[in-house]
Amino acid sequence: MSTWGKTADGTSVPIYTLSNGQLEVRISAYGAHLVSIKAPDKTGKMADVILGSDSLQTYIDVPGPYIGAIVGRYGNRIALGKFTIDGKTYQIPPNNGPNALHGGPRGFDKYVWQSHEVPDGLELTLVSPDGDQGFPGTLTLKVRYTLKGSTLRIDYTATTDKATVINVTNHSYFNLRGDDAADILGDKIEINADKYTPTDAGLIPTGELAPVASTPMDFRKPEVIGARINDDFQQLKLAGGYDHNWVLNGKAGTLRVAAIVADPVSGRKLTVETTEPGIQFYTGNFLDGTFMGRHGIPYKKNWGLCLETQHFPDSPNHADFPSTLLKPGETMHSTTTFTFGVVK
Ligand code: GLA
């Protein structure tokens, strides 16, 4: 552990390095961000495989793309920032057009978390007070990052003292080429999902679970990301690329493969497993060059891809989506793993 810097109010921010010879991971207590993951290519050369900066100030100054952050209390969008629990309506201040995104204006990515080392890793804790950004209940969230072999595992645990909603995820942008050397359009991705949730123009799910078959959303077999991204397909036009939630096959609550990405040039391969019911595959469509990466490259459109394991966006307003409600006495537990390898 070392001190990375200070926030505007003078709070000092620890940064940690986890390393086991196969992976090297840096994690900041500010927003519980994954700041760096280094993994080997097919020749054994280690390089950064997520976007990031060595400067805490860059994360503070350019929070918009949520690079590497833990997002919450509610990852992705809530329509108009409004939802109802037990007949009472709650309002999150809109911060994405008329909608609330990633927990509202001051989401979990903008707090300094408590942190301490645990065997093989790090545990970060955030206590979000009752009424934080309009959400009911004092919510205690623990995020535990651990390294085992070539796997980085994330465990999320949460409890509350009043009924609330929760949907937390990690918002890393993967770039398997290494050290930000190219965009991600040449990567191949496979997503273990027969259906996805189409959205309206504000990227709020319409409620439909649409089949991926015969559309550019079909990644049941590995496909090159850029091959169909500019197809004349309304969902891609609305989002400026891929920015959708896929409904994962298999049983939510059990760890199963959600997605596999591979870069044919470096040979690096990432397998994502999760207990969550969905995954947001986002091709960095809104990256506009304002976040300057550690290798001197401003992050522009398609410079990284996110694989946000999650409950579906706007679930509090869709009774037939898997529930994001958390009640006092219950514990939310969710696991996601990122395993790095090489293409054979
Ligand atoms: C999520 C959203 C995107 C975008 C990014 C942050 O992936 O679905 O639309 O807002 O977060 O830039």
Side-chain angles (χ1 to χ4, degrees), residues 31-34 50-53 58-81 92-110 133 167-175 183-184 189 191 193 196-206 217 225 229 235-247 258-259 261 272 274 276-293 298-318 321 324 336:
H33 283 83
L34 277 177
I50 57 169
L51 305 187
S53 170
T58 304
Y59 289 87
I60 294 171
D61 292 345
V62 193
Y66 300 87
I67 291 184
I70 293 293
V71 293
R73 188 179 297 202
Y74 197 94
N76 214 283
R77 293 174 178 79
I78 296 178
L80 306 177
I92 314 308
N95 60 334
N96 186 250
N99 304 317
L101 175 67
H102 296 330
R106 189 173 185 201
F108 292 177
D109 57 298
K110 297 177 188 75
Q133 304 298 297
N167 191 26
V168 285
T169 191
N170 179 271
H171 206 292
S172 287
Y173 291 72
F174 294 95
N175 186 322
D183 68 41
I184 50 81
I189 189 166
I191 303 178
Y196 74 107
T197 51
T199 70
D200 67 13
L203 303 185
I204 298 291
T206 59
M217 314 305 270
I225 293 171
I229 200 169
Q235 285 295 313
L236 290 174
K237 299 266 176 244
L238 288 178
Y242 294 103
D243 189 356
H244 297 82
N245 171 69
W246 271 257
V247 178
V261 191
V272 180
T274 191
E276 285 294 309
I279 193 168
Q280 187 86 8
F281 168 44
Y282 169 56
T283 44
N285 313 325
F286 298 118
L287 290 174
D288 62 3
T290 42
F291 193 107
M292 176 56 80
Y299 295 144
K300 295 201 176 129
K301 187 168 180 173
N302 304 139
W303 220 262
L305 65 93
C306 299
L307 294 165
E308 303 156 58
T309 52
Q310 61 181 5
H311 276 57
F312 309 166
D314 199 30
S315 296
N317 294 308
H318 292 274
F321 285 180
T324 51
T336 292

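Every number for a ligand or one of its atoms is a count from 1 in the order of the listing.
- Residue, atom and distance of the protein heavy atom nearest to atom 5 (C) of ligand 1 are H171 NE2, 3.5 Å.
- No hydrogens or angles considered: a donor-acceptor pair under 3.5 Å links the side chains of N317 and D314.
- At least one N/O-N/O distance between N76 and ligand 1 falls below 3.5 Å.
- The one candidate from N245, T169, T324 that meets the side-chain hydrogen bond (donor to acceptor under 3.5 Å, both in side chains) condition with Q310 is N245.
- With a 4.0 Å cut-off on non-hydrogen atoms, L203 touches ligand 1 through its side chain and not its backbone.
- Set against the non-hydrogen atoms of F286, the atoms of ligand 1 under 4.0 Å away are 4 (C), 9 (O).
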From CA spacing to verdict: side-chain contact (heavy atoms from CB on, under 4.5 Å), L305, L307: CA-CA 7 Å; L305 65 93; L307 294 165; 3.7 Å; yes

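- Nearest to atom 9 (O) of ligand 1 by heavy-atom distance, out of T283, T199, D243, L287, is D243.
- Residue Y66 has at least one heavy-atom neighbour below 4.0 Å for each of these atoms of ligand 1: 6 (C).
- Nearest-residue assignment for atom 2 (C) of ligand 1 (options R77, Q310, H244; heavy-atom criterion): R77.
- Put simply, the side chain of K301 does not reach to within 4.5 Å of the side chain of D183, judged on heavy atoms.
- Using a 4.0 Å cut-off to heavy atoms of Q280, the atoms of ligand 1 that qualify are 8 (O).
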Derivation and outcome, side-chain contact (heavy atoms from CB on, under 4.5 Å), residues F174 and V261: CA-CA 9 Å; F174 294 95; V261 191; over 6 Å; no

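- Atom 12 (O) of ligand 1 has its closest protein heavy atom at G64 O, 3.6 Å.
- Y66 places a side-chain heavy atom less than 4.5 Å from the side chain of K110.
- Ring geometry, W246 versus H244: the interplanar angle exceeds 60°, so the pair is classed perpendicular (tilted spans 30 to 60°).
- Under the 4.0 angstrom criterion for non-hydrogen atoms, G75 is not in contact with ligand 1.
- The aromatic rings of Y282 and Y173 sit perpendicular to each other, their planes meeting at more than 60°, with 30° as the lower class boundary.
- Proximity of L101 to ligand 1, defined as any heavy-atom pair under 4.0 Å, is confined to the side chain (atoms from C-beta onward).
- From the protein, the heavy atom lying nearest to atom 7 (O) of ligand 1 is E308 OE2, 2.7 Å.
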